[in-house]
Trainee: 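One structure, pasted below without further comment.
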Number of protein chains: 2
Amino acid sequence: MSIIFSRQCEYALQAVLYLALNSNGKMISIRELTNKLDIPYHFVAKILQDLTRKGLLVSHKGPSGGFSLVAPVKDITLLKIVEAIDGSGFMDNCVFGFPSCSCDNPCAVHEQWDKVRNSIHKMLATKNILEMAGETKKPQYQIKE
Amino acid sequence: MSIIFSRQCEYALQAVLYLALNSNGKMISIRELTNKLDIPYHFVAKILQDLTRKGLLVSHKGPSGGFSLVAPVKDITLLKIVEAIDGSGFMDNCVFGFPSCSCDNPCAVHEQWDKVRNSIHKMLATKNILEMAGETKKPQYQIKE
DNA sequence: TTTATTTCAGATAATATAGTCTTAAATTAC
DNA sequence: GTAATTTAAGACTATATTATCTGAAATAAA
């Protein structure tokens with residue numbers, strides 16, 4: 001687990017990227033997705049349902065049903081996915097955990113944490129999913145064919 | 001809770017900073033420290049014991065006993081504290097959680113995460129506790145007098 | 001229409017993290 | 001030496017997170 005995101009969040013990111021890479025118009029089932037990515041079926045099912053409720057995915061029941069990204073893919077960034085799962089403001093808290101840390105009452109790394117926060121924000125917000133899919137040359141989630 | 005550290009870690013950071021600011025030669029008890037910082041007594045007790053076993057603090061039993069930083073304070077950075085609690089390599093994992101992400105097989109934000117990691121590392125490693133204590137003008141943990 | 005496939009929803013279980021309680025051991029001060 | 005204070009250690013509880021199980025509802029294909 002990365003230090004910045006929950007498992008839930010990681011699975012969400014993996015899933016969305018998988019959908020971007022592998023659904024060419026068609027829907028992709030939870031079964032396929034979790035098998036290929038080697039992540040837990042039922043847990044991820046709930047996450048996908050959540051992302052669907054939040055309007056990032058569309059779902060369809062029945063045979064040849066599944067999930068796909070909502071158009072336009074260009075507007076979907078990692079940030080949107082993370083915010084859908086962990087909520088916006090997921091980076092607001094003080095590094096020390098001081099409840100009253102603020103610009104007026106800064107902790108010893110308040111300013112530096114601001115820079116880190118900016119670079120994280122940039123990492124999550126600058127590329128859209130389509131660009132990321134393009135960059136991913138030999139992605140982990142294509143290994144299991 | 002900050003996105004990067006566990007509660008345990010936050011309490012450790014707060015405690016060490018408190019010791020740096022408030023122990024002038026003398027020992028500081030868990031009771032004083034947890035009262036002033038308004039953090040849970042027994043839980044923090046275990047953390048302090050842990051930091052003591054790892055050689056970052058010294059402890060002393062009995063009246064006027066307590067904890068203090070091990071000299072030289074100049075060598076103690078946030079990084080050392082974090083590593084003592086969460087282990088080194090606490091920043092190594094892939095943002096997506098891909099088990100096989102590496103330089104040879106990079107995820108879509110592998111490079112950018114590297115930059116973030118560097119800025120986090122810098123934030124944690126460049127200042128020692130003494131400098132931080134100096135910078136902290138009106139720290140949260142001095143409110144409750 | 002029937003059957004197979006799939007998402008949806010809720011209950012349950014497992015594990016990790018956070019936090020509490022109790023007693024023992026050490027040490028200081030009287 | 002005795003009593004008070006403090007850390008040390010282990011058992012226990014609470015909560016959050018992760019993961020599984022079961023059955024219902026929808027839908028497509030035969």
Side-chain angles (χ1 to χ4, degrees), chain A residues 1-15 19 23 25-35 37-70 82 85-87 90 93 97 99, chain B residues 1-15 19 23 26-70 82 85-87 90 93 97 99:
Chain A
M1 190 162 109
S2 121
I3 56 166
I4 55 174
F5 301 131
S6 61
R7 274 273 145 72
Q8 254 198 308
C9 223
E10 289 182 356
Y11 293 157
L13 297 176
Q14 291 190 24
L19 290 178
S23 80
K26 71 179 195 302
M27 296 289 207
I28 288 180
S29 72
I30 306 176
R31 187 58 67 194
E32 174 189 339
L33 192 147
T34 54
N35 277 350
L37 290 170
D38 195 24
I39 55 184
Y41 180 93
H42 290 283
F43 191 44
V44 173
K46 292 194 177 312
I47 296 169
L48 295 182
Q49 285 161 28
D50 204 20
L51 291 175
T52 304
R53 271 190 297 270
K54 301 238 167 79
L56 288 165
L57 305 181
V58 283
S59 69
H60 207 77
K61 290 180 185 174
S64 79
F67 294 85
S68 70
L69 292 172
V70 103
V82 172
I85 301 291
D86 286 351
F90 68 97
N93 289 12
Chain B
M1 190 162 109
S2 120
I3 56 166
I4 55 174
F5 301 131
S6 62
R7 275 272 146 72
Q8 256 198 308
C9 222
E10 290 182 355
Y11 294 156
L13 297 176
Q14 291 190 24
L19 291 178
S23 80
K26 72 178 193 303
M27 294 291 205
I28 289 181
S29 72
I30 305 176
R31 185 58 68 193
E32 173 188 339
L33 191 146
T34 54
N35 278 349
K36 288 284 175 59
L37 290 170
D38 195 26
I39 55 182
Y41 181 93
H42 290 284
F43 191 41
V44 173
K46 289 191 180 312
I47 297 169
L48 296 182
Q49 284 162 28
D50 204 19
L51 291 175
T52 304
R53 271 190 296 270
K54 301 238 168 79
L56 288 165
L57 306 180
V58 283
S59 69
H60 209 77
K61 289 179 186 174
S64 77
F67 294 85
S68 69
L69 293 171
V70 104
V82 172
I85 300 293
D86 286 351
F90 67 97
N93 288 12

Trainee: Taking side chain to side chain contact (heavy atoms under 4.5 Å, CB included) as the test, write out the residues that go with B/Lys46, two or more places apart.
Mentor: none
Trainee: For B/Arg7 and D/dA14, give me the distance from atom CZ to atom P, rounded to whole Å.
Mentor: 19 Å
Trainee: Tell me the interatomic distance from B/Asp50, atom CG, to C/dA18, atom C1', rounded to whole angstroms.
Mentor: 15 Å
Trainee: With sequence neighbours left out, write down each residue that passes ring-ring contact (aromatic ring centres under 6.0 Å, His included) with B/Phe43, or none if nothing qualifies.
Mentor: B/Tyr11
Trainee: Would you say A/Ile85 and A/Cys9 make side-chain contact, with heavy atoms under 4.5 Å?
Mentor: yes
Trainee: Tell me which residues in residues 26-34 of chain A lie within less than 4.0 Å of DNA chain D, going by non-hydrogen atoms.
Mentor: none
Trainee: Please list every donor-acceptor pair under 3.5 Å in which a side-chain atom of residues 57-67 of chain B meets a protein atom from a residue at least two apart or in another chain.
Mentor:
none

Trainee: Reckon A/Ser59 has a side-chain N or O less than 4.0 Å from the OP1 or OP2 of C/dT6?
Mentor: no
Trainee: In whole angstroms, how far is the P atom of C/dA18 from the OH atom of B/Tyr11?
Mentor: 8 Å
Trainee: List the atom of A/Gly55, the atom of A/Val70, and the distance in Å for their closest heavy-atom pair.
Mentor: O-CG1, 3.6 Å
Trainee: Could you state the CD-C1' distance from B/Gln8 to C/dA16, rounded to the nearest angstrom?
Mentor: 11 Å
Trainee: Check the distance between D/dT7's C1' and B/Leu19's CG and give it to me in whole angstrom.
Mentor: 14 Å
Trainee: Could you state the CD-P distance from B/Gln49 to D/dG10, rounded to the nearest angstrom?
Mentor: 10 Å
Trainee: How about A/Ser6 and A/Asp86: do any of their side-chain heavy atoms sit closer than 4.5 Å?
Mentor: yes
Trainee: In whole Å, what is the span from the CD1 atom of B/Ile47 to the P atom of C/dG19?
Mentor: 8 Å
Trainee: Taking 4.0 Å as the cut-off, does a side-chain nitrogen or oxygen of A/Arg53 come that near to OP1 or OP2 on C/dA9?
Mentor: yes
Trainee: What's the shortest heavy-atom distance between A/Leu48 and A/Ala15, and which atoms?
Mentor: CD2-CB, 3.8 Å
Trainee: Protein within reach of the bases, or only the backbone? For nucleotides 20-30 of chain D, mark each nucleotide 5' to 3' as B, S or -, using heavy atoms under 4.0 Å.
Mentor: BBB---BBB--
Trainee: Between CD1 of B/Ile47 and CD of B/Gln8, what distance do you get to the nearest 0.5 Å?
Mentor: 5.0 Å
Trainee: In chain order, what residues pass the side chain to side chain contact (heavy atoms under 4.5 Å, CB included) check against A/Ser29, with sequence neighbours excluded?
Mentor: A/Arg31, A/Glu32
